[in-house]
Amino acid sequence: MTAIGVMGGTFDPIHFGHLRAAEEVLQGFGLERVIFVPAGMPPHKPLSEVTSPEHRYMMAKLATADHPRFDVSPVEIQREGPSYTLDTLRELKQTICKDKKLYFITGFDAILEVHTWNGYKQLFDLADFIAVTRPGYSVEAFLTLEKFLGPECFSKVHPFPVTLLAIASREIRRRVREGESIRYLVPEPVRLYIEKHGLYSATAGDMG
Ligand code: ATP
Ligand code: MG
């Protein structure tokens with residue numbers, strides 16, 4: 001059975017930290033492809049602070065266009081209401097990922113919150129998790145997860161070391177807001193898109 005990686009996130013904007021982690025997981029786990037799923041309304045983030053789903057989706061498309069095994073799915077931005085990973089994995093399993101093993105890819109920061117996600121126990125029936133390393137998040141913290149998840153779910157979380165890139169979307173947004181360069185933190189088409197649409201700058205009107 002072939003396996004597919006699913007990487008959820010706000011991707012506001014998508015950056016080389018996301019892309020490089022996905023590339024190393026793709027190779028390391030021999031995945032058929034990785035599907036990036038930009039969240040419509042991230043349940044954990046205040047709505048007013050998130051760029052429109054259409055912009056985030058477009059940037060993910062631009063960032064992955066030149067990769068034959070990277071796709072972007074609009075499932076979450078098309079669905080009404082909050083974006084729950086559980087609904088997304090169910091939908092993917094019923095549609096484009098039939099008969100495929102699913103791996104949900106998160107960073108070491110996001111995995112620490114997985115037990116707070118909607119219906120998290122059922123998530124583990126649908127997918128295994130790959131938790132990639134991220135600067136600032138220790139293996140010790142990762143190990144505390146067993147206490148929250150229990151041994152059965154925890155055994156389905158696979159820690160995976162990737163090239164550590166200290167890049168974060170919030171830092172990119174801050175740089176744009178303060179007029180600093182974001183070259184070499186995001187793919188060039190993404191940088192140009194941000195510039196063209198005036199995203200993240202203090203004067204940008206359509207952040208909501
Ligand atoms: P923000 O600063 O807005 O939270 P972010 O950079 O954390 O943005 P998200 O869209 O929140 O990006 O992250 C999507 C997924 O990618 C999460 O699972 C997160 O842990 C992971 N991730 C983000 N940046 C990195 C990175 N530099 N290295 C490894 N994983 C990352
Ligand atoms: Mg984040």
Side-chain angles (χ1 to χ4, degrees), residues 5-29 34-53 55-64 70-77 82-86 88-89 102-117 120 123 127-139 141-142 145 157-178 180 182 184-187 190-191 194 199-200 204 207-208:
V6 177
M7 189 160 188
T10 315
F11 301 124
D12 193 13
I14 194 164
H15 54 66
F16 282 129
H18 302 124
L19 294 161
R20 184 63 207 173
E23 177 74 349
E24 293 188 20
V25 167
L26 181 84
Q27 289 225 307
F29 284 75
V34 173
I35 306 175
F36 293 85
V37 185
M41 295 163 58
H44 298 294
K45 292 189 181 177
L47 260 192
S48 57
E49 291 172 18
V50 180
T51 307
S52 77
H55 280 320
R56 291 182 288 106
Y57 176 76
M58 277 310 297
M59 290 189 282
K61 289 288 279 185
L62 288 170
T64 55
F70 281 179
D71 292 330
V72 186
S73 166
V75 276
E76 288 199 4
I77 68 168
S83 297
Y84 292 122
T85 300
L86 186 58
T88 300
L89 292 180
L102 292 185
Y103 285 101
F104 194 81
I105 306 164
T106 76
F108 254 31
D109 59 321
I111 197 67
L112 293 179
E113 292 165 9
V114 72
H115 57 286
T116 68
W117 296 5
Y120 81 89
L123 279 176
D128 276 26
F129 280 72
I130 298 171
V132 297
T133 49
R134 185 171 187 182
Y137 297 89
S138 67
V139 175
F142 171 78
L145 196 59
V157 184
H158 312 281
F160 188 67
V162 295
T163 302
L164 293 174
L165 295 172
I167 305 176
S169 299
R170 76 193 60 207
E171 185 60 17
I172 292 169
R173 297 193 297 272
R174 184 200 61 75
R175 283 182 191 275
V176 176
R177 204 166 50 239
E178 297 182 6
E180 292 176 22
I182 58 164
Y184 315 121
L185 296 174
V186 298
V190 173
R191 189 186 72 79
I194 291 169
L199 303 183
Y200 313 124
M207 294 284 283

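The basis for the numbers below is simple: all heavy atoms, side chains too, and nothing from hydrogens, waters or symmetry mates. Every number for a ligand or one of its atoms is a count from 1 in the order of the listing. Counting begins at 1 with the first residue of the sequence.
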Which of the ligand 1 atoms, numbered from 1, are nearer than 4.0 Å to a heavy atom of T106: 18 (O)
Residue that, paired with F36, satisfies side-chain contact (heavy atoms from CB on, under 4.5 Å) out of I105, I14, D71: I14
Donor-acceptor contact below 3.5 Å, side chain T10 vs main chain D12: no
Within-shell test, E171 vs ligand 1, heavy atom, strictly < 4.0 Å: no
Residue, atom name and distance, where the atom is the protein heavy atom closest to atom 11 (O) of ligand 1: K45 NZ, 3.4 Å
Side-chain donor or acceptor of E76 paired with backbone N/O of T88 under 3.5 Å: no
Value rounded to 0.5 Å, distance of CE in M59 from CZ in F11: 11.0 Å
Within-shell test, L165 vs ligand 1, heavy atom, strictly < 4.0 Å: yes
Ligand 1 contact by T133, heavy-atom criterion under 4.0 angstrom: yes
Ligand 1 contacted by G8 (non-hydrogen, < 4.0 Å): yes
Nearest-option assignment for atom 6 (O) of ligand 1, heavy atoms, candidates G17, S169, A60: S169
Over 12 foreign heavy atoms within 6.0 Å of CD, E178: yes
Heteroatom distance test (I167, ligand 1): nitrogen or oxygen, under 3.5 angstrom: yes
Element-labelled atoms of ligand 1 that are located less than 4.0 Å from some non-hydrogen atom of T10: 10 (O)
For F11, atoms of ligand 1 separated by under 4.0 Å from a heavy atom: 10 (O)
Nearest-0.5 Å distance, OG1 of residue T85 to CH2 of residue W117: 4.5 Å
Close N or O approach (D12, ligand 1; < 3.5 Å): no
Heavy-atom side-chain proximity of R56 to V50 below 4.5 angstrom: yes
Within reach of ligand 1, part of R20 (heavy-atom separation under 4.0 Å): neither
For the student: nearest non-hydrogen atoms of I111 and L145, plus distance: O-CD1, 3.5 Å
The one among R174, H15, H18, E24 that brings a heavy atom closest to atom 9 (P) of ligand 1: H18
Nearest neighbour in protein (non-hydrogen) for atom 25 (C) of ligand 1: R134 NE, 3.3 Å
Distance from atom 21 (C) of ligand 1 to nearest protein heavy atom, with residue and atom: G107 N, 3.8 Å
From L26 atom CG to Y103 atom OH, the distance as rounded to the nearest 0.5 Å: 12.5 Å
Ion pair check, R174 and E171, cut-off under 4.0 Å: yes
Which residue and heavy atom of the protein sit nearest atom 30 (N) of ligand 1, plus the separation: V132 CG2, 3.8 Å
Identity and separation of the nearest protein heavy atom to atom 4 (O) of ligand 1: R170 NH2, 2.8 Å
Closest contact, heavy atoms only, L19 versus P187: CD1-CG, 3.5 Å
Donor-acceptor under 3.5 Å (R134 side chain, A166 main chain): no
Subset of ligand 1 atoms that lie under 4.0 Å from at least one heavy atom of G9: 10 (O), 14 (C)
Under 4.0 Å to a heavy atom of M7 - the qualifying atoms of ligand 1, by number: 16 (O)
Identity and separation of the nearest protein heavy atom to atom 3 (O) of ligand 1: R173 NH1, 3.0 Å
For D109, atoms of ligand 1 separated by under 4.0 Å from a heavy atom: 19 (C), 20 (O)
Parallel, tilted or perpendicular, as decided by the 30° and 60° cut-offs, for the rings of Y120 and H115: perpendicular
